[in-house]
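Notes follow the structure.
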Amino acid sequence: MLRAKSKGHNLTTEHFTREHRREVVAKLESDLANNEITIGEVVKTIRTELYGMTQTQYAKFIKISDKTLRDIEKGNTDPRLSVISKVLAPGGFQISAKFVPRVVE
């Protein structure tokens, strides 16, 4: 069981019902599809709404530095695809790059 302290409260993942988690993920998927949210905002929502973790806890959980996580959430970095995959994976998200040939006329 994951435990996190948030603003004086001791939270566990038991407090986050499956229905709540589904709603959060569905909203994130919709917002991403409509370009209404940044990757940093998605990461922060996964961290807070799905796991109830601080940045330090989540960074340790996914094995990246606190600074890298902070920079991603603030949009102050252009991380490698592998790092983005790490920060999104706990939310059930996958990201990939696809080569799209250009049309030369």
Side-chain angles (χ1 to χ4, degrees):
M1 176 179 2
L2 299 172
R3 294 192 180 277
K5 280 198 158 186
S6 177
K7 296 185 182 178
H9 302 324
N10 189 17
L11 302 174
T12 66
T13 53
E14 292 171 353
H15 289 90
F16 304 103
T17 65
R18 284 188 177 157
E19 184 60 32
H20 172 75
R21 293 172 67 87
R22 279 190 207 111
E23 289 171 5
V24 169
V25 170
K27 173 93 168 93
L28 290 173
E29 287 173 342
S30 173
D31 289 350
L32 277 169
N34 294 312
N35 292 318
E36 296 174 353
I37 193 169
T38 66
I39 293 294
E41 291 168 328
V42 171
V43 172
K44 184 175 182 178
T45 302
I46 291 169
R47 175 178 63 78
T48 60
E49 294 291 320
L50 299 184
Y51 288 92
M53 291 183 172
T54 65
Q55 285 179 329
T56 301
Q57 291 167 327
Y58 193 70
K60 187 174 183 179
F61 176 63
I62 59 174
K63 297 178 176 65
I64 65 170
S65 73
D66 296 7
K67 182 181 181 333
T68 298
L69 180 59
R70 275 193 307 277
D71 287 344
I72 290 169
E73 288 188 3
K74 290 181 180 179
N76 293 340
T77 188
D78 190 12
R80 294 186 321 259
L81 193 58
S82 62
V83 174
I84 293 295
S85 292
K86 269 185 167 181
V87 297
L88 293 178
F93 291 91
Q94 295 179 343
I95 192 165
S96 65
K98 177 181 173 184
F99 175 75
V100 178
R102 62 182 203 155
V103 177
V104 180
E105 295 182 27

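The analysis underlying the following values was restricted to heavy atoms, covering all of them including side chains, and did not include hydrogens, waters or symmetry mates. Everything quoted here is computed from the prediction, not taken from an experiment.
When all heavy atoms of T48 and M53 are compared, the closest pair comes out as CG2-O, 4.3 Å.
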Exercise. I would like to know whether I46 and L28 meet side chain to side chain contact (heavy atoms under 4.5 Å, CB included); could you show each step before the answer?
Key: CA-CA 9 Å; I46 291 169; L28 290 173; 4.0 Å; yes

Exercise. Could you go through the side chain to side chain contact (heavy atoms under 4.5 Å, CB included) check for V43 and T38 one step at a time?
Key: CA-CA 9 Å; V43 172; T38 66; over 6 Å; no

Self-check item: Check against side chain to side chain contact (heavy atoms under 4.5 Å, CB included), T68 and T77
Solution: CA-CA 8 Å; T68 298; T77 188; 5.7 Å; no

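Distance check: Q55 CD to K44 NZ gives 7.5 Å after rounding to the nearest 0.5 Å. Note that the CG atom of N76 and the NZ atom of K67 stand 8.0 Å from one another [nearest 0.5 Å]. How far NZ of K27 is from CG of L32: 10.5 Å, rounded to the nearest 0.5 Å. Of the inter-residue distances, the one linking R47 atom CZ with I72 atom CD1 reads 11.5 Å to the nearest 0.5 angstrom. In this structure, the separation between CG on D78 and CD1 on I39 is 11.5 Å, given to the nearest 0.5 Å.
A donor-acceptor pair is defined here as one N or O able to donate and one able to accept, closer than 3.5 Å; no such pair exists between the side chain of Y58 and the backbone of L69. For S85 (side chain) and L81 (main-chain N/O), a donor-acceptor pair under 3.5 Å exists by modelled atom type.
Put simply, the side chain of L50 reaches to within 4.5 Å of the side chain of R21, judged on heavy atoms.
Remark: R22 engages E19 in a salt bridge, criterion side-chain N to carboxylate O under 4.0 Å.
Atom CD of E36 sits in a crowded spot, with more than 12 heavy atoms from other residues, nucleotides or ligands closer than 6.0 Å.
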